[in-house]
Amino acid sequence: MTHVVLLGDSVFDNGAYVAGGADVLTHLRRRAPEGWDATMLAVDGSVVEGVHGQLRRVPGDATHLVVSAGGNDALQTAHILEERAGSTAEVLTRLADVAEQFEAGYGRMLRAAVGVGKPTAVCTVYYPRFPDARAQRLAVTALTVFNDAIIRAAFGAGVPLLDLRLICNEDADYANPIEPSEAGGAKIADAIIRLVNGHHFGNRRTEVFV
(Lines give C-alpha, C1' and ligand atoms only; values in the text may rest on other atoms or scores of the structure.)
Protein backbone atom coordinates (compact mmCIF):
# COMPACT_ATOMS: atom_id res chain seq x y z
CA MET A 1 0.00 0.00 0.00
CA THR A 2 1.16 3.52 -0.77
CA HIS A 3 1.00 5.84 2.24
CA VAL A 4 1.93 9.48 1.55
CA VAL A 5 2.76 11.74 4.48
CA LEU A 6 2.47 15.51 4.02
CA LEU A 7 4.85 17.70 6.03
CA GLY A 8 5.44 21.42 6.20
CA ASP A 9 3.01 24.33 6.38
CA SER A 10 -0.38 25.60 5.20
CA VAL A 11 0.34 24.84 1.56
CA PHE A 12 -0.81 21.37 2.63
CA ASP A 13 -2.64 22.21 5.88
CA ASN A 14 -5.04 24.61 4.16
CA GLY A 15 -8.33 23.50 5.69
CA ALA A 16 -8.85 26.83 7.44
CA TYR A 17 -8.87 28.67 4.10
CA VAL A 18 -11.30 26.70 1.95
CA ALA A 19 -14.58 27.70 3.63
CA GLY A 20 -15.65 24.15 4.39
CA GLY A 21 -14.43 22.80 1.05
CA ALA A 22 -11.89 20.07 0.45
CA ASP A 23 -8.36 20.64 1.69
CA VAL A 24 -5.24 19.12 0.14
CA LEU A 25 -5.48 15.96 2.24
CA THR A 26 -9.12 15.39 1.28
CA HIS A 27 -8.33 15.90 -2.40
CA LEU A 28 -5.42 13.50 -2.17
CA ARG A 29 -7.49 10.78 -0.55
CA ARG A 30 -10.32 11.21 -3.06
CA ARG A 31 -8.13 11.30 -6.16
CA ALA A 32 -5.48 8.73 -5.29
CA PRO A 33 -5.63 5.20 -6.70
CA GLU A 34 -7.28 2.47 -4.70
CA GLY A 35 -5.06 1.20 -1.92
CA TRP A 36 -3.47 4.57 -1.16
CA ASP A 37 -3.56 6.34 2.19
CA ALA A 38 -2.41 9.82 3.21
CA THR A 39 -1.56 11.48 6.51
CA MET A 40 -1.34 15.18 7.33
CA LEU A 41 1.53 16.17 9.60
CA ALA A 42 1.97 19.64 8.08
CA VAL A 43 0.90 22.46 10.38
CA ASP A 44 -0.35 25.88 9.32
CA GLY A 45 2.27 28.50 10.21
CA SER A 46 5.23 26.14 10.41
CA VAL A 47 8.69 27.20 9.31
CA VAL A 48 11.43 24.90 8.02
CA GLU A 49 12.75 24.26 11.53
CA GLY A 50 9.32 23.03 12.59
CA VAL A 51 9.46 20.12 10.14
CA HIS A 52 11.95 18.35 12.44
CA GLY A 53 9.20 17.86 15.01
CA GLN A 54 6.80 16.62 12.35
CA LEU A 55 9.34 14.06 11.19
CA ARG A 56 9.34 12.49 14.64
CA ARG A 57 5.66 11.61 14.13
CA VAL A 58 5.94 9.91 10.73
CA PRO A 59 3.95 6.64 10.86
CA GLY A 60 5.92 3.44 10.55
CA ASP A 61 3.91 2.35 7.51
CA ALA A 62 4.62 5.56 5.57
CA THR A 63 5.97 4.95 2.09
CA HIS A 64 6.58 8.53 0.84
CA LEU A 65 7.24 11.92 2.42
CA VAL A 66 6.34 15.19 0.69
CA VAL A 67 7.58 18.43 2.24
CA SER A 68 6.36 21.94 1.48
CA ALA A 69 8.18 24.46 3.68
CA GLY A 70 9.90 27.80 3.35
CA GLY A 71 7.08 30.22 2.66
CA ASN A 72 6.75 31.27 6.29
CA ASP A 73 10.51 31.66 6.57
CA ALA A 74 10.28 34.07 3.65
CA LEU A 75 7.42 35.96 5.32
CA GLN A 76 9.47 36.36 8.50
CA THR A 77 12.19 38.15 6.55
CA ALA A 78 9.89 40.24 4.33
CA HIS A 79 10.64 43.36 6.38
CA ILE A 80 14.02 43.74 4.68
CA LEU A 81 12.20 44.63 1.46
CA GLU A 82 11.07 47.89 3.05
CA GLU A 83 14.26 48.77 4.91
CA ARG A 84 16.32 51.73 3.81
CA ALA A 85 19.60 51.01 2.08
CA GLY A 86 22.42 53.18 0.85
CA SER A 87 23.21 51.13 -2.23
CA THR A 88 22.16 48.17 -4.33
CA ALA A 89 25.13 46.29 -2.90
CA GLU A 90 23.74 46.76 0.61
CA VAL A 91 20.36 45.34 -0.44
CA LEU A 92 21.97 42.35 -2.13
CA THR A 93 24.16 41.73 0.90
CA ARG A 94 21.10 41.56 3.14
CA LEU A 95 19.41 39.14 0.75
CA ALA A 96 22.58 37.06 0.61
CA ASP A 97 22.67 36.83 4.41
CA VAL A 98 19.03 35.70 4.47
CA ALA A 99 19.67 33.18 1.69
CA GLU A 100 22.69 31.65 3.43
CA GLN A 101 20.83 31.22 6.71
CA PHE A 102 17.79 29.71 4.98
CA GLU A 103 19.86 27.35 2.84
CA ALA A 104 21.69 26.02 5.88
CA GLY A 105 18.45 25.39 7.76
CA TYR A 106 16.70 23.87 4.76
CA GLY A 107 19.64 21.56 4.14
CA ARG A 108 19.53 20.29 7.73
CA MET A 109 15.80 19.68 7.45
CA LEU A 110 16.09 17.81 4.16
CA ARG A 111 18.90 15.62 5.47
CA ALA A 112 16.70 14.75 8.45
CA ALA A 113 13.76 13.96 6.15
CA VAL A 114 15.86 11.72 3.91
CA GLY A 115 17.30 10.14 7.04
CA VAL A 116 13.87 8.79 7.96
CA GLY A 117 14.48 6.27 5.20
CA LYS A 118 11.36 6.91 3.13
CA PRO A 119 11.28 8.20 -0.48
CA THR A 120 11.11 11.98 -0.11
CA ALA A 121 10.04 14.88 -2.31
CA VAL A 122 10.11 18.65 -1.74
CA CYS A 123 8.25 21.67 -3.11
CA THR A 124 9.26 25.12 -4.22
CA VAL A 125 7.53 28.12 -2.66
CA TYR A 126 4.80 29.37 -4.97
CA TYR A 127 4.40 33.01 -5.80
CA PRO A 128 1.83 34.95 -3.75
CA ARG A 129 -1.07 36.87 -5.23
CA PHE A 130 -0.80 40.32 -3.67
CA PRO A 131 -3.28 42.83 -5.14
CA ASP A 132 -0.67 45.60 -4.97
CA ALA A 133 1.57 45.32 -8.02
CA ARG A 134 4.65 46.69 -6.23
CA ALA A 135 4.30 44.27 -3.30
CA GLN A 136 3.82 41.37 -5.73
CA ARG A 137 6.88 42.28 -7.74
CA LEU A 138 9.07 42.60 -4.64
CA ALA A 139 7.82 39.29 -3.23
CA VAL A 140 8.44 37.36 -6.45
CA THR A 141 11.93 38.81 -6.71
CA ALA A 142 12.81 38.04 -3.10
CA LEU A 143 11.48 34.48 -3.34
CA THR A 144 14.10 33.67 -5.95
CA VAL A 145 16.73 33.30 -3.22
CA PHE A 146 14.53 30.92 -1.22
CA ASN A 147 13.58 28.81 -4.22
CA ASP A 148 17.17 28.70 -5.40
CA ALA A 149 18.14 27.23 -2.03
CA ILE A 150 15.33 24.65 -2.20
CA ILE A 151 16.21 23.61 -5.74
CA ARG A 152 19.91 23.31 -4.91
CA ALA A 153 19.10 21.20 -1.86
CA ALA A 154 16.82 18.93 -3.90
CA PHE A 155 19.46 18.34 -6.55
CA GLY A 156 22.12 17.82 -3.90
CA ALA A 157 20.02 15.16 -2.18
CA GLY A 158 18.77 13.59 -5.41
CA VAL A 159 15.10 13.99 -4.50
CA PRO A 160 12.23 14.97 -6.84
CA LEU A 161 10.75 18.44 -6.83
CA LEU A 162 7.19 19.74 -7.16
CA ASP A 163 7.42 23.22 -8.66
CA LEU A 164 4.42 24.89 -7.08
CA ARG A 165 5.18 28.11 -8.96
CA LEU A 166 3.99 26.35 -12.11
CA ILE A 167 1.26 24.27 -10.46
CA CYS A 168 -0.54 27.11 -8.66
CA ASN A 169 -0.39 29.57 -11.54
CA GLU A 170 -3.89 31.08 -11.61
CA ASP A 171 -5.70 33.51 -9.32
CA ALA A 172 -8.34 30.85 -8.64
CA ASP A 173 -5.67 28.66 -7.05
CA TYR A 174 -5.46 31.05 -4.08
CA ALA A 175 -7.92 31.55 -1.23
CA ASN A 176 -6.06 34.72 -0.22
CA PRO A 177 -2.70 36.18 -1.28
CA ILE A 178 -0.67 33.38 0.35
CA GLU A 179 -2.89 30.31 0.90
CA PRO A 180 -4.11 27.70 -1.59
CA SER A 181 -7.81 27.55 -2.39
CA GLU A 182 -9.85 24.41 -2.86
CA ALA A 183 -8.99 24.55 -6.59
CA GLY A 184 -5.30 25.06 -5.84
CA GLY A 185 -5.34 22.20 -3.37
CA ALA A 186 -6.78 19.89 -6.02
CA LYS A 187 -3.95 20.78 -8.38
CA ILE A 188 -1.38 20.16 -5.66
CA ALA A 189 -2.92 16.77 -4.84
CA ASP A 190 -2.89 15.76 -8.51
CA ALA A 191 0.77 16.76 -8.79
CA ILE A 192 1.67 14.67 -5.74
CA ILE A 193 -0.02 11.65 -7.29
CA ARG A 194 1.85 12.18 -10.57
CA LEU A 195 5.13 12.42 -8.71
CA VAL A 196 4.64 9.33 -6.55
CA ASN A 197 3.47 7.28 -9.55
CA GLY A 198 6.00 8.62 -12.02
CA HIS A 199 9.30 9.08 -10.21
CA HIS A 200 11.84 6.26 -9.82
CA PHE A 201 13.08 7.03 -6.32
CA GLY A 202 15.75 4.35 -6.44
CA ASN A 203 17.69 6.34 -9.04
CA ARG A 204 18.52 9.13 -6.57
CA ARG A 205 17.99 11.61 -9.39
CA THR A 206 16.07 14.87 -9.23
CA GLU A 207 13.11 15.34 -11.55
CA VAL A 208 10.78 18.33 -11.60
CA PHE A 209 7.02 17.69 -11.59
CA VAL A 210 4.33 20.25 -12.45
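One is the number of the first residue; the rest follow in order along the sequence.
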Test side chain to side chain contact (heavy atoms under 4.5 Å, CB included) applied to Val58 and Leu7, step by step: CA-CA 9 Å; Val58 170; Leu7 304 111; 4.3 Å; yes

Worked check of side chain to side chain contact (heavy atoms under 4.5 Å, CB included) between Val98 and Phe146: CA-CA 9 Å; Val98 167; Phe146 291 89; 3.5 Å; yes

Candidate pair Ile150 and Glu103, rule side chain to side chain contact (heavy atoms under 4.5 Å, CB included), full reasoning: CA-CA 7 Å; Ile150 293 171; Glu103 185 164 9; over 6 Å; no

Steps toward side chain to side chain contact (heavy atoms under 4.5 Å, CB included) verdict (Ile193, Leu28): CA-CA 8 Å; Ile193 294 168; Leu28 186 56; 3.6 Å; yes

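Cluster annotation: Val51 is connected to Val116 through the hydrophobic network of ILVMFWY side chains, with a link wherever side-chain heavy atoms come within less than 4.5 Å. Hydrophobic cluster membership is shared by Leu65 and Leu41, with clusters built from Ile, Leu, Val, Met, Phe, Trp and Tyr side chains linked at under 4.5 angstrom. Grouping the Ile, Leu, Val, Met, Phe, Trp and Tyr side chains by contacts below 4.5 angstrom, directly or via other members, places Phe209 with Tyr126. Cluster membership check: Leu110 shares its hydrophobic cluster with Val5, using side-chain heavy-atom separations under 4.5 Å among Ile, Leu, Val, Met, Phe, Trp and Tyr. Hydrophobic cluster membership differs between Val18 and Leu6, with clusters built from Ile, Leu, Val, Met, Phe, Trp and Tyr side chains linked at under 4.5 angstrom.
Taking all atoms of both residues into account, the shortest heavy-atom contact from Ser10 to Asn14 is O-CB, 3.3 Å. Residues Ala183 and Ala172 share a closest heavy-atom pair of CB-O, 3.7 Å. Closest heavy-atom contact between Leu55 and Met109: CD1-O, 4.3 Å. In plain terms, the two heavy atoms of Val125 and Ala69 that are nearest each other are CG2-O, 4.2 Å. Contact record, Val48 with Asp73: N-OD1, 3.0 Å, taken as the closest heavy-atom pair. Nearest heavy-atom pair across Thr120 and Phe201 is O-CE2, 3.7 Å.
Asn72 contributes atom CG, which lies 7.5 Å from atom OG of Ser46 (distance to the nearest 0.5 angstrom). One finds the CD atom of Glu170 at 8.5 Å from the CZ atom of Arg129 (value rounded to the nearest 0.5 Å). A distance of 12.0 Å separates CG in Leu143 from CG in Asp148, rounded to the nearest 0.5 Å. One finds the CD1 atom of Ile167 at 6.5 Å from the CZ atom of Arg194 (value rounded to the nearest 0.5 Å). Atom CG of Asp9 sits about 8.0 Å away from atom CD of Glu179, to the nearest 0.5 Å. In this structure, the separation between CD1 on Ile192 and OG on Ser68 is 8.5 Å, given to the nearest 0.5 Å.
Under the 30°/60° scheme for interplanar angles, the aromatic rings of Phe102 and Tyr106 are found to be tilted.
Judged purely by atom type and a 3.5 angstrom limit, Lys118 uses its side chain to pair as donor or acceptor with the backbone of Gly60. Remark: the backbone N or O of Gly158 is not paired with any side-chain donor or acceptor of Arg205 at under 3.5 angstrom. Between the side chain of Gln136 and the backbone N or O of Phe130 there is at least one donor-acceptor pair closer than 3.5 Å. Not a single donor-acceptor pair under 3.5 Å links the side chain of His27 to the backbone N or O of Gly184. A donor-acceptor pair under 3.5 Å is formed between the side chain of Asn169 and the backbone N or O of Leu166. Between the side chain of Thr124 and the main chain of Asn147, no donor-acceptor pair closer than 3.5 Å is present. Checking side-chain atoms of Ser181 against main-chain N and O of Asp173 turns up a donor-acceptor pair under 3.5 Å.
By the 6.0 Å contact criterion, CZ on Arg31 is enclosed, its count of non-hydrogen atoms from other residues, nucleotides or ligands being greater than 12. Around CD of Glu207, the count of heavy atoms belonging to other residues, nucleotides or ligands within 6.0 Å exceeds 12.
The shortest distance between side-chain heavy atoms of Pro180 and Leu164 does not fall below 4.5 Å. Within the 4.5 Å cutoff, no side-chain heavy atoms of Met1 are placed close to those of Thr63.
Between the side chains of Asp44 and Tyr17, at least one donor-acceptor pair of N or O atoms lies under 3.5 Å.
If you run side-chain contact (heavy atoms from CB on, under 4.5 Å) between Val122 and each of Leu161, Val114, Val66, only Leu161 comes through.
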